[in-house]
Protein chains: 2
Amino acid sequence: MPIDESIKTYGAKIDQLLQELIPPHKKNYLSEPIWHHLYTGGKRVRPAICLITCEALGGNTKDAIPFALAVEAMHNMFLMHDDIEDGDTIRRDQPTVWMKYGIAHAINAGDYLLACAYKSILASSVSLEKKIKLLQVLTLTYGKTVEGQAIDIGARASEDFSVDNYMQMVELKTGYYLACGMVGGAIVSGASEEVVEKIWMLGKTMGPAFQIRDDLIDMTHGKGRGGVIGSDVKEGKASFLYSYTLQVACTDDKKCLRDIMLKPRDETTDNDIKWVLDIYKKYHAIQYAQDYAEDLVKQAYKTIDEIPVENKTVFKEIASFMAQRMS
Amino acid sequence: MPIDESIKTYGAKIDQLLQELIPPHKKNYLSEPIWHHLYTGGKRVRPAICLITCEALGGNTKDAIPFALAVEAMHNMFLMHDDIEDGDTIRRDQPTVWMKYGIAHAINAGDYLLACAYKSILASSVSLEKKIKLLQVLTLTYGKTVEGQAIDIGARASEDFSVDNYMQMVELKTGYYLACGMVGGAIVSGASEEVVEKIWMLGKTMGPAFQIRDDLIDMTHGKGRGGVIGSDVKEGKASFLYSYTLQVACTDDKKCLRDIMLKPRDETTDNDIKWVLDIYKKYHAIQYAQDYAEDLVKQAYKTIDEIPVENKTVFKEIASFMAQRMS
């Protein structure tokens with residue numbers, strides 16, 4: 001089955017099982033905000049990748065389901081907390097949870113999703129050894145993602161945010177996160193430490209590559225609907241383009257760029273965004289970012305070649321799927 | 001050693017070990033807000049009780065330390081998130097984390113504390129079976145406390161918040177939380193399922209008893225410094241006194257009481273608080289709360305008598321210490 005199809009099939013399965021983990025019909029301040037958020041969409045790519053990896057490595061996907069659900073629960077916990085932290089009011093055409101239910105419920109409902117993630121793994125039927133390993137994977141990913149998010153939030157106030165800082169941030173914030181589903185699937189299938197280690201490494205190149213491309217899309221084709229470009233600029237988000245330009249631009253351009261990034265979202269004009277795009281072009285940031293991401297993808301494929309399993313196809317398919325963009 | 005002394009000694013030990021779990025010298029957006037918060041004080045009562053229970057039941061306290069640290073980390077995660085959710089700007093004479101570092105960092109640093117809690121247990125040297133049990137205890141407590149908090153936040157908007165609702169809320173929000181340290185200590189010591197079950201039951205009476213007394217103190221002696229009474233009224237907090245009065249008062253009094261509770265904190269006058277106190281007295285809410293709490297304490301001592309261990313003294317000492325108030 002082509003990977004797009006597998007993701008669709010497994011994604012639908014996950015959607016159904018999420019309803020068992022968090023009953024949507026319960027009328028309370030946890031299920032309601034959580035399902036308001038979950039119903040806005042999402043393709044459940046992360047858990048699907050977990051199941052696909054497990055299957056490809058000869059494991060029983062049934063055993064990987066609790067971990068896959070945990071990954072999806074944690075992912076959505078982060079989205080709910082991130083929306084507050086970033087001040088995002090809209091997600092997939094719907095008001096974000098904090099906009100609809102208030103900050104207090106949004107923090108708390110996010111916290112609840114994490115409890116559900118741990119609950120799911122703890123209730124799974126794998127061996128104690130595997131269970132502990134899976135809990136370690138979840139905890140490592142959770143902690144590292146939070147560390148990356150701390151850098152991300154702090155970056156907005158920073159005067160010199162370099163490409164090195166950016167790479168550290170996205171390795172933490174995106175790298176572990178991206179590999180986590182695959183790692184969990186591999187562990188359930190009984191894969192060796194070496195396999196697991198290589199998949200973590202894969203995340204450290206694929207994650208940043210994916211993130212840099214996401215940053216590029218925002219300035220070239222626009223994220224979300226309508227093809228409006230520059231939402232990262234409006235948000236003051238520390239993108240690859242921003243960190244690189246900050247590093248190479250002259251003092252005046254640097255100051256002007258920072259001033260635009262620090263403007264409140266609704267004060268950022270179309271002209272500001274045009275100016276930023278021009279400055280990115282002037283310093284060849286877009287070309288540099290494209291080359292940088294391409295290089296990371298090459299490294300990722302090299303890592304895949306080094307994974308000590310016979311069937312490497314699945315990792316190549318996942319990498320190629322991700323390169324096309326996940327959401 | 002008297003229990004106050006044990007708590008002091010173990011509390012100091014925990015303070016020191018927390019510095020290993022979360023290095024305070026690290027200059028970043030996680031350690032800084034977390035240590036700003038931890039340095040505001042706190043007696044580390046919860047982890048101390050965990051160690052005391054473990055010791056009393058014949059366990060090695062060294063083995064219980066990772067769980068004790070986890071309990072303290074989770075406790076402080078809740079305080080940091082609660083301060084945002086409740087809009088509290090001051091904790092122990094210091095600005096709360098969100099006031100000093102912003103909401104984004106406060107949510108994220110709280111999330112990090114939870115990662116540290118799980119990390120601590122996962123790294124402990126107890127058997128796999130015990131480790132899984134401890135992770136279950138933490139996850140159960142974490143999830144139930146969040147459920148209770150959801151009711152608490154929602155209560156402010158509710159027109160009829162009954163004593164039953166209140167009891168459900170505090171059993172979830174305080175009951176598990178209070179028993180959790182003792183349960184963990186017992187598990188590490190190798191206690192039976194029956195012992196663990198009874199300690200959970202103990203939490204379900206001690207927790208609410210403690211909370212009702214806390215509610216009473218707020219209206220009689222005042223929480224925090226200066227003996228200013230009525231901070232729960234200012235916060236619009238659903239206390240026992242409030243839920244009981246809402247249930248028995250006439251329509252006019254009920255409406256007036258609700259209006260005061262819904263006022264923004266800085267618009268609540270001293271006269272409002274005096275009015276609320278008078279209305280609580282009018283409906284004998286204070287007496288009712290005292291009797292109710294006393295009854296719960298009696299039930300708690302009955303549960304202690306049923307715990308199938310020889311040395312019940314430790315539980316009586318803990319219960320009596322808590323009845324005097326923890327912080």
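For the numbers below, each heavy atom of this structure counts, side chains included, while hydrogens, waters and symmetry mates do not. Proteins get letters first, then strands, A, B, ... in listed order; numbering begins at 1 in each.
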Distance-minimising heavy-atom pair for A:G143 and B:A115: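 In this case the closest contact between A:G143 and B:A115 is CA-CB, 3.8 Å.
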
Mind checking the [atom1]-[atom2] spacing from [X] to [Y]? Nearest 0.5 Å is all I need.
| X | Y | atom1 | atom2 | value |
| --- | --- | --- | --- | --- |
| B:Y112 | A:K144 | OH | NZ | 7.0 Å |
| A:Y142 | B:C116 | OH | SG | 9.5 Å |
| B:I132 | A:L122 | CD1 | CG | 6.0 Å |

Over 12 foreign heavy atoms within 6.0 Å of [atom1], [X]:
| X | atom1 | value |
| --- | --- | --- |
| B:K204 | NZ | no |
| A:E197 | CD | no |
| B:K131 | NZ | yes |
| B:K130 | NZ | yes |
| B:E193 | CD | no |

A:H81 and B:N108: CA distance, side-chain angles, deciding distance, side-chain hydrogen bond (donor to acceptor under 3.5 Å, both in side chains) verdict: CA-CA 8 Å; A:H81 281 190; B:N108 198 56; over 6 Å; no

Heavy-atom pairs under 4.5 Å with chain B, option from A:I151, A:L128, A:I153 with the top count: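 That would be A:I153.
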
Winner by heavy-atom pair count (cut-off under 4.5 Å) against chain B, out of A:E129, A:E147, A:M77, A:H105: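 Among the listed options, the one with the most contacts to chain B is A:H105.
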
Under 4.5 Å from any heavy atom of chain B - which part of A:L114: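 The answer is both parts of A:L114.
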
Pick from B:D82, B:L30, B:I103, B:I107 with the largest number of heavy-atom pairs that fall under 4.5 Å of chain A: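 When all of B:D82, B:L30, B:I103, B:I107 are compared, B:I107 has the most.
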
Part of B:L135 within contact of chain A (heavy atom distance under 4.5 Å):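 When you check distances to chain A, atoms from both the backbone and side chain of B:L135 fall under 4.5 Å.
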
